[in-house]
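Atoms within each ligand, like the ligands themselves, are counted from 1 in listed order.
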Amino acid sequence: MQNITVLSGGMGGARFLQGLLHGITRGLLPGVAPDAVVTVVANTADDLWIHGLKVCPDLDTVMYTLGDGIDLERGWGRREETWSVKDELATYGVEPTWFGLGDRDIATHLVRTQMLDAGYPLSQVTEALCRRWLTPVHGDAVRLLPMSDDRVETHVAIADAAAPSGRRVVHFQEYWVRLRAEVPAEAVVVVGLDEATPGPGVIDAITDADLVVLPPSNPVVSVGTILGVPRVREALVATQAPVVGLSPIVGGSHVRGMANQLLSSLGVEVSAAGVGLHYGARANGGVLDAWLVDQVDAAEVERVAAAGLACRAVPLMMTDVDATAAMAAAAVDLAREQTRG
Ligand code: FO1
């Protein structure tokens, strides 16, 4: 395998990518050349305009994580960060204060916003930022592609007794950060998704891949939005590459983050099997060939297999890069069985 494509959200996807790259460079993945190229197609529907700056959380989390600039504790933003600008904005009474931009992080958003204002598409902006963050560490072994250059934004409808309709719609980040996903999501609307054009290289990255991976990102608001970009789902069904996914749900709960509330209120069963079946088998109108669940969910393997998916129970806790590399190796191993099959 020479070309691996990963459809990624933020934290979970970024941590998986760290382990995948660790495994590739150390030759730990069966049948994967040490000079294999990983193409990341990242979700951009979490993006938001704030204080006049364009913030792209999932692109930045992948970029900072693979460029070793991420704050591991928070899982987003820069390590060794300071918050002077945020504090000054609060002193001016500027809203919102519930979404904080660190001083170092702001430089990324200033560069991105200036380039967008100059007419560069998000894909070229991302390429420019990655020349600083990824090239020095990974050379050309990693490419980071926005799922689309068009504006796409996830908004969440929540109950609001004060509203005439009884509902209010908030930007995903307000739902996720200010509301902590603690109110039921009555609907998720991804504004602009149906009209979005796949970003440059996205479709080819899927159809030309030797392996496509759906990492343990949120299946609705992260991977789900990528699958919703027109032509992406068709490319996944058409690609010769095996498509393998890793469950973000272990033991009936999300490992980190707040996916449980979001998934259950959107009718996705919060279990390893539930998410696998939500993606579905390519043979039955879905997008997967194979699905990995954690060993604690081994009892669910049979149910996943009955839906036409190859399924295996392996350790799925990304405790460190070696554990994550082992997960990537298990995914490659299971995927190779599909092609030989
Ligand atoms: N998450 C928070 O919980 N609080 C924040 O103030 C916050 C700021 C922030 C700034 C830049 C960025 O790239 C991410 C940020 N996040 C913050 C995380 C963000 O909500 C998540 O990374 C994703 O959108 C969810 O996957």
Q: Please determine which of Thr113, Asp60, Val125 meets the side-chain contact (heavy atoms from CB on, under 4.5 Å) test together with Thr108.
A: Asp60
Q) Is the charged tip of Arg178 near the ring of Phe99: under 6.0 Å from the six-membered ring centre and within 45° of its axis? A) no
Q. Which pair of non-hydrogen atoms, one from Ala157 and one from Arg167, has the smallest distance, and what is that distance?
A. CB-NH1, 4.3 Å
Q: Please determine, by modelled atom types, if Asp35 and Gln2 share a side-chain donor-acceptor pair under 3.5 angstrom.
A: yes
Give every pair formed by an N or O atom of ligand 1 and a protein N or O atom closer than 3.5 Å, one pair per line with both atom names and the distance to 0.1 Å, or write none.
{"unit_1": "ligand 1", "atom_1": "1 (N)", "unit_2": "Trp76", "atom_2": "NE1", "d": "3.4"}
{"unit_1": "ligand 1", "atom_1": "6 (O)", "unit_2": "Gly100", "atom_2": "N", "d": "2.8"}
{"unit_1": "ligand 1", "atom_1": "20 (O)", "unit_2": "Gln173", "atom_2": "OE1", "d": "2.6"}
{"unit_1": "ligand 1", "atom_1": "24 (O)", "unit_2": "Asp46", "atom_2": "OD2", "d": "3.2"}
{"unit_1": "ligand 1", "atom_1": "24 (O)", "unit_2": "Gln173", "atom_2": "NE2", "d": "2.6"}
{"unit_1": "ligand 1", "atom_1": "26 (O)", "unit_2": "Asp46", "atom_2": "OD2", "d": "3.4"}

Q: Please say which of Thr324, Asp322, Asp320 ends up in a side chain to side chain donor-acceptor pair (under 3.5 Å) with His22.
A: Asp322
Q. Does a salt bridge link Arg312 with Glu337, judged by any charged N lying under 4.0 Å from a carboxylate O?
A. yes
